[in-house]
Amino acid sequence: MYWYLRLDLILALTGRLIVIVFVVNCGSSSIKYQLINMEGERVMAKGLIERIGMEGSTLKHTPAGKYTIDLKEEIPDHKVGIRMAIKALTSKEYGVIKDMSEIDAVGHRVVHGGERFTDSVLITSDVLRGIEACCEIAPLHNPPNLYGINACMEIMRGTPQVAVFDTAFHQTMPKVAYLYGLPYEMYVKYGVRRYGFHGTSHKYVALRAAELMQEHMNDLRIISCHLGNGASIAAIKYGKSIDTSMGYTPLEGLIMGTRSGEIDPAIIPFLMEKENMNAQQIDDYLNRRSGILGISGLSSDFRDLESAANRGDDRSQLAIDVFAYKVKKYIGGYVAAMGGVDAIVFTAGLGENSPFMRDKICNGLEYLGTRIDPDLNQVRGKEREISVRRARVKIFVIPTNEELVIARDTYNICRRIIKL
Ligand code: AMP
């Protein structure tokens, strides 16, 4: 039944060249994709499918250097979505390849790899079972990832598929960083521990920072701040993640757009009782109605808060202040955990685009041997060192590129197997 999953053998036999990689990132009702030519790591096209299984589903497809094509069609499930993406990629009008056989490999973003997956892997039937087993600890995220994998396997039989996990980079965390203060049996029985997320992003920006410093990542202590709608910070000591702010789920750590981040756990039964909420409702409350949206009562988007605060809205100002304070506290904590720091990196929507927030976070960190250069800091969405000249601790803005990490891992794994 799983003959087509013995791709390692097929690959070894055919000695196939891997050039074009299809990167797939499936959410519960969305699919993001990119087609990347690994010769020069060139993005050939990218796309976004939204509202899968709902009314008004759409596909936005953008061939490199051209306009976005907006297609409105019924997309009842992920398999139809993947077929539409391939149709767009191979279209005579706006496609970038002649047919599907030009896709040499597929790289899938998978959110949770538990303790089993410490690196990206070629998907076999055994790996599929492993990803399925992680659904218990990631019930919202892993099932849609699996829909995407299964759809691609059916549609592109014989094309190697690779899984790249958000959690894998953080599997180097030591027990002191990942254990909760709960009875140890909960960890053994149910895997209740801290896993961390955004691993591909933290890995990418840390590597880039090392390249920009012309040093090896293994010689540096880097604090990577992925500040977007979801936000997390990682302490990367000599090439390895030793701590990160998200935990068992992406709810822990910083306050975020709509997520509370860490709170006293005793608040949960208290609110359940006072507000008459069940488990599902409190989960929704903490994930979708809290964070900066909850504090400001206005928006989960920092752009809205920045302009409201400028107009004198106190609660928007408060939400900004709470967020920046938390980030600063994590940075301080990770300096202590690593015994120092050589570089701080800002990435993701807010980290890449808000000079105001970067300045607010770094203001007061001078004791570490760093300072933001106010002119250099006026950058949005571009890679740049923003610390003052000769600062002992460098500060960078580095746009993240999770798709490229997925494509690189897919390419490297397939090439390794071909060489066997
Ligand atoms: P992400 O989840 O990485 O796509 O980041 C999205 C978030 O980044 C948005 O919700 C905004 O809060 C924030 N963001 C994006 N652009 C800006 C900007 N120019 N200024 C401030 N915040 C921004």
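In listed order, ligands and their atoms are each counted from 1. Remember, predicted model here, so these are calculated numbers, not experimental data. For the numbers below, each heavy atom of this structure counts, side chains included, while hydrogens, waters and symmetry mates do not. Each residue takes its place number in the sequence, starting with 1.
Under the ring pair (Phe, Tyr, Trp, His ring centres under 6.0 Å) criterion, the residue pairs touching residues 224-256 are His198-His226, with sequence neighbours excluded. Screening residues 346-362 for salt bridge (charged side-chain N to carboxylate O under 4.0 Å, His left out) gives Asp321-Lys360 as the qualifying pairs, with residues at least two apart or on separate chains. For residues 115-157, the pairs satisfying ring pair (Phe, Tyr, Trp, His ring centres under 6.0 Å) are His78-Tyr147, Phe117-Phe165, with sequence neighbours left out.
For an aromatic pair to be called close, the ring centres must be under 6.0 Å apart, and Phe302 with Phe323 satisfies this.
In the displayed structure, Arg384 atom CZ is contacted under 6.0 Å by more than 12 heavy atoms of other residues, nucleotides or ligands.
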* Show your working on ring pair (Phe, Tyr, Trp, His ring centres under 6.0 Å) between Phe197 and His112 and close with a plain yes or no. => CA-CA 8 Å; Phe197 298 86; His112 218 307; 5.4 Å; yes
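Contact shell of ligand 1 (protein heavy atoms, cutoff 4.0 Å): Gly228, Asn229, Asp301, Phe302, Arg303, Glu306, Ala348, Gly349, Leu350, Asn353, Ser354, Arg380.
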